[in-house]
2 protein chains.
Amino acid sequence: MSSNNFKQELFTQFARVGKAMSNGNRLELLEFIAQGERSVDELAKISGLSVANTSQHLQQLRLAGLINCNKRGLKVFYHISGDDVIDLFNSLRNVAERHLSDVQQLISTYLTVKDDLEPIPATELLDRARDGLVTVLDVRPSEEYQSGHVPGAINIPLSQLEKHLGSLDKAHDIVAYCRGPHCVLAFDAVEKLRDKGFTAHRLEDGFPEWKSAGLPVE
Amino acid sequence: MSSNNFKQELFTQFARVGKAMSNGNRLELLEFIAQGERSVDELAKISGLSVANTSQHLQQLRLAGLINCNKRGLKVFYHISGDDVIDLFNSLRNVAERHLSDVQQLISTYLTVKDDLEPIPATELLDRARDGLVTVLDVRPSEEYQSGHVPGAINIPLSQLEKHLGSLDKAHDIVAYCRGPHCVLAFDAVEKLRDKGFTAHRLEDGFPEWKSAGLPVE
DNA sequence: CAACTATTCAATTAATCTATTGAATACAAT
DNA sequence: ATTGTATTCAATAGATTAATTGAATAGTTG
């Protein structure tokens, strides 16, 4: 029966996408790329893989339709091939968090210590920001900030937070955000700010989620 | 830096889910299970795999948190471990359909040939059914029919269609539906019915779409 | 208790995947 | 044209995966 054949072919194709997401390094690369366009050497540096190895993983992601590239000057830049890929990634993470006990354990041992740092939802943030009550703080590296950020947010990468503490107003609440729910940058920032006497909160989710929720972007 | 370690650990765990979905047979099994609880031998039969092989694939899906099982009597029944898994599956299919040219080609070559079997939209069907002009035919297996179907539809699984041809009225148009846009059951049914001289159409989309569109269900 | 059934486990082989290495390409800068 | 840089390609070895086979297990039935 040829329809059976068709169905199997189809599933085999779907499996290509699964296979692309079956390796931790590739998922990490994908997450970096989801934050904005990245060149191969950047990705190699961030992920700690060799350039050749990074390149190969990128090919696989590309052949599975998850990312695309374009060359500008000497460098090849990779970007996510669509918002549906971000949805897929989030679904995957969601399933892993809910159903894999190892993940639950990992998160609870690493993050609960820090998670008294109550997050605040995005809608509330917009209200408070409009009223001039909060300082929105983007703690990601400045390249990421430049390729898109929450409106009105100021950028102080975590590594430079200490230096710039003076430029922050203690009268305002501070809301810090970074790359996503498991990015520890914002956790660390809020911890440090509170140590110094600021009123600081962590934004629930990070910039990719903000963007894909259709919220305004600068 | 230990947070890097944590992140890598986390991605490695996420990759387990991807790995579970990196094989066509497993995806097929997952889809069958998503339609309702299934025993191992049922799944082996439908998928055409050996029982031992099926069992092993099921273990992998289970260890990735996608399915769960419970034993009743002699048999072990597997079921989807949550709606989030269905979301994940749909995201995966969605990405594959949009970004893999092989999938687009497969769908267009296999389905367009048959797609002269013009589909009819749901709203029109309801009108025609109310006027008693059409026979609505559910060609899914009877368990699926029993757990919910289009109002007034009669159930003849595709495998038994030949036998029950006599019970169908040639004076009425027949509209067949199954599980969804890529389910070939309805295609095959319409093809067979037309061969036998019936006026048959395919319902655009399947029962899951019908239900989630908020249309009435019996 | 013995025979049977449905499922899982264990061992094997062939195929595939990952990371590493070093060379090849493509292009920009000089 | 030559040099230098960013990326990709190709070949390799070790690890992992899929399917097959046959045996083991758990539980039901007679």
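Model, not experiment: these values are computed from the prediction. First the proteins, then the strands, lettered A, B, ... as listed; each starts at 1.
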Tell me what [X] touches on the nucleic acid: a base, only sugar-phosphate, or nothing, going by heavy atoms under 4.0 Å.
X	result
B:S39	sugar-phosphate
B:V51	base
B:Q60	sugar-phosphate
B:N53	base

Quiz item: Does the pair B:H99 and A:R62 meet the rule for a side chain to side chain contact (heavy atoms under 4.5 Å, CB included), with working shown?
Solution: CA-CA 10 Å; B:H99 301 295; A:R62 195 171 56 84; over 6 Å; no
Output the rounded distance in Å from [atom1] ([X]) to [atom2] ([N]).
X	N	atom1	atom2	value
B:N25	D:dA18	CG	C1'	9 Å
B:E28	D:dA19	CD	P	12 Å
B:L61	D:dA18	CG	C1'	14 Å
A:L43	D:dT8	CG	C1'	15 Å
B:L29	D:dA18	CG	P	12 Å
B:N68	C:dT7	CG	P	17 Å
A:N70	D:dT7	CG	C1'	14 Å
A:D41	C:dA26	CG	P	20 Å

Proximal nucleotide (of [options]) relative to the [X] side chain:
X	options	result
A:Y78	D:dT8, D:dT7, D:dT20	D:dT8
A:N23	C:dT8, D:dT20, C:dT18	C:dT18
B:L74	D:dT28, D:dT17, C:dT20	D:dT28
B:S55	D:dC9, C:dA19, C:dT8	C:dT8

Are side-chain heavy atoms of [X] and [Y] found at a separation under 4.5 Å?
X	Y	value
B:H79	B:N70	yes
B:I154	B:L137	yes
B:H149	B:W210	no

Under 4.0 Å between a side-chain N/O of [X] and OP1 or OP2 of [N], yes or no?
X	N	value
A:H57	C:dC17	no
B:R26	D:dA18	yes
A:K19	C:dC17	yes

Practice problem: Select from A:K71 and B:A52 the residue whose nearest nucleotide in DNA chain C is closer to the 5' end of that strand. | Solution: B:A52
Exercise. Measure distances between side-chain N and O atoms of A:Q56 and base N and O atoms of D:dA10, and say whether any donor-acceptor pair falls under 3.5 Å.
Key: yes
Quiz item: Any donor-acceptor pair under 3.5 Å linking the side chain of B:Q104 with the backbone of B:E97?
Solution: yes
Quiz item: Strictly by modelled atom types, are A:Y78 and A:N68 linked by a side-chain donor-acceptor pair under 3.5 Å?
Solution: no
